[in-house]
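Notes follow once the structure below has been shown.
Residues: numbered from 1 along the sequence shown. All of these numbers come straight from a predicted model, not from anything done at the bench. Atoms within a ligand are numbered from 1 in the order they appear, just like the ligands themselves.
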Amino acid sequence: MERLTILGATGSIGQSTLGVVRRHPARFSVFALTASRQVDRMLADCLEFGPRYAVMADEQAACELRRRLAELGSSTQVLSGPAALCEVAAEPEVGCVMAAIVGAAGLLPTLAAVRAGKRVLLANKEALVMSGELFIEAVHRHGARLLPVDSEHNAIFQCLPAELQQTPGRGSLREAGIGKILLTGSGGPFRYTPLAELAAVTPAQAVAHPNWSMGPKISVDSATMMNKGLEYIEARWLFNAPPEQLEVLVHPQSVIHSMVQYSDGSVLAQLGQPDMMTPIAHALGWPERISSGVAPLDFCRLGELTFMAPDMARYPCLRLAIEACAAGQGATTALNAANEEAVAAFLAGGLDYMGIAAVNETVVQNLGLTRVGSLDDILALDDQARRSATEIIRRR
Ligand code: NAD
Ligand code: MG
């Protein structure tokens, strides 16, 4: 029986993880579930999965959950605050941690799991974007097992030779005969929208992704293709990939989830339905295969698969991320923080769609050359970039 902590259990990835876990009651048990403040969802999942701990980042939400669970006779203990998130991620009895908090808030709990040498299923790409080298170093120093959940990185992982799967972020792609990693993305809901109309798009239009159902932040990131930019940086660290071995391809149908091109001309791809239960089941079961509940692909109904190069005029956030990746950790940390603030402001109606890229660009221009060596440096820069972004948004 593998004991799991699910960080971000009430979110889109957290719920899909519970969906896979539900199918395998003899294989997995839930040790802890965590969330920010969604009491109703958490209550229902605690009653179904009976975890030892439920952690709410928000104190008031924790009080309400504690009271309601006690009324129902549940033995789940409710904890609160950021320190408790790290504790349930590092607890000795836990074997595997699903890191599915959205944004920078996931960095410390995910790192706590890594430092405790857990099997870490990484959905929280922002954690790796913020801390890159330091994160990968911690994986190796503490003997953690890192399995990518992001569908593209999970697809790439599946197409890699076994020895590279064993050494995340360390092996040489060239020595393994790999020419390029081809990172695919749908291009989001505004792929065909005339550029002049982009200024007026609303949050509701931006979160309506044509193929995937996801949380609000990553849905906006998919529209701007910042998501592909963050994934480019994520791939740089997970696969030790230099820029000349990373290519982004727009593939509107989201059937191929990414590919690896070998020096003999072979291209290995992973295909599937656009359903996160497939990569989640892969990471939960690896190196075995377990059922996910996802329907098999029906090739006769797929129709055409098409590909094109991304248009950087349409997706300035993708360009910014690729440039930031080349510039270094200060630039990627600042970009990630600015983007979180800009997307939150856009979703709240306080920033126009084109403003997201503009805010990101200005913050990276101002702070992107900041030198960051330690985790404290990274957290300080994250904070500074957020304050700078908030100020720019206020003035716009
Ligand atoms: P979501 O918004 O649906 O869920 C986020 C979860 O994090 C919730 O449980 C929420 O309570 C928790 N959370 C939010 N802020 C918190 C805080 N300050 N402290 C503690 N917990 C907090 O997000 P999602 O779509 O499930 O995405 C989660 C992560 O997985 C993101 O990093 C995203 O980029 C990545 N990811 C998601 C998908 C997808 O299909 N949804 C695919 C690939 C990668
Ligand atoms: Mg992805």
(message) Show the nearest heavy-atom pair for residues D352 and F346, with the distance to one decimal.
(response) C-CD1, 4.0 Å
(request) Step by step, work out the side-chain hydrogen bond (donor to acceptor under 3.5 Å, both in side chains) result for H209 and S186. (result) CA-CA 9 Å; H209 196 278; S186 72; 3.2 Å; yes
(request) Tell me the protein N, O or S atoms under 2.8 Å from the Mg ion (ligand 2), in chain and number order. (result) D150 OD1, E152 OE1, E231 OE2
(request) First locate atom OG of S12, then atom CH2 of W212, and finally report the distance between them rounded to the nearest 0.5 Å. (result) 10.0 Å
(request) Given ring pair (Phe, Tyr, Trp, His ring centres under 6.0 Å), test F239 with F157 step by step and report yes or no. (result) CA-CA 8 Å; F239 307 119; F157 181 91; 7.5 Å; no
(message) Please determine whether a side-chain nitrogen of the Lys or Arg among E126 and K217 lies less than 4.0 Å from a carboxylate oxygen of the Asp or Glu.
(response) yes
(request) Using modelled atom types only, decide if a donor and an acceptor are shared between the side chain of E288 and the backbone of G285 within a distance under 3.5 Å. (result) no
(message) Can you confirm whether V149 sits close enough to M276 that some side-chain heavy atom of one is under 4.5 Å from a side-chain heavy atom of the other?
(response) yes
(message) Main chain of G373, side chain of D377: is a donor-acceptor contact present, judged purely on distance under 3.5 Å?
(response) yes
Check: every ligand 1 N/O to protein N/O pair under 3.5 Å:
residue: ligand 1; atom: 3 (O); partner: S12; partner atom: N; Å: 2.9
residue: ligand 1; atom: 9 (O); partner: G8; partner atom: O; Å: 3.3
residue: ligand 1; atom: 9 (O); partner: T10; partner atom: N; Å: 3.3
residue: ligand 1; atom: 9 (O); partner: T10; partner atom: OG1; Å: 2.7
residue: ligand 1; atom: 9 (O); partner: G11; partner atom: N; Å: 3.1
residue: ligand 1; atom: 11 (O); partner: T10; partner atom: OG1; Å: 3.3
residue: ligand 1; atom: 11 (O); partner: S36; partner atom: N; Å: 2.8
residue: ligand 1; atom: 11 (O); partner: Q38; partner atom: OE1; Å: 2.9
residue: ligand 1; atom: 11 (O); partner: Q38; partner atom: NE2; Å: 3.4
residue: ligand 1; atom: 25 (O); partner: G215; partner atom: N; Å: 2.9
residue: ligand 1; atom: 26 (O); partner: S12; partner atom: N; Å: 3.1
residue: ligand 1; atom: 26 (O); partner: I13; partner atom: N; Å: 2.9
residue: ligand 1; atom: 30 (O); partner: A123; partner atom: O; Å: 3.4
residue: ligand 1; atom: 32 (O); partner: E126; partner atom: OE1; Å: 2.6
residue: ligand 1; atom: 41 (N); partner: S12; partner atom: OG; Å: 3.3

(message) Measuring only between side-chain heavy atoms, which start at C-beta, is L183 closer than 4.5 Å to L249?
(response) no
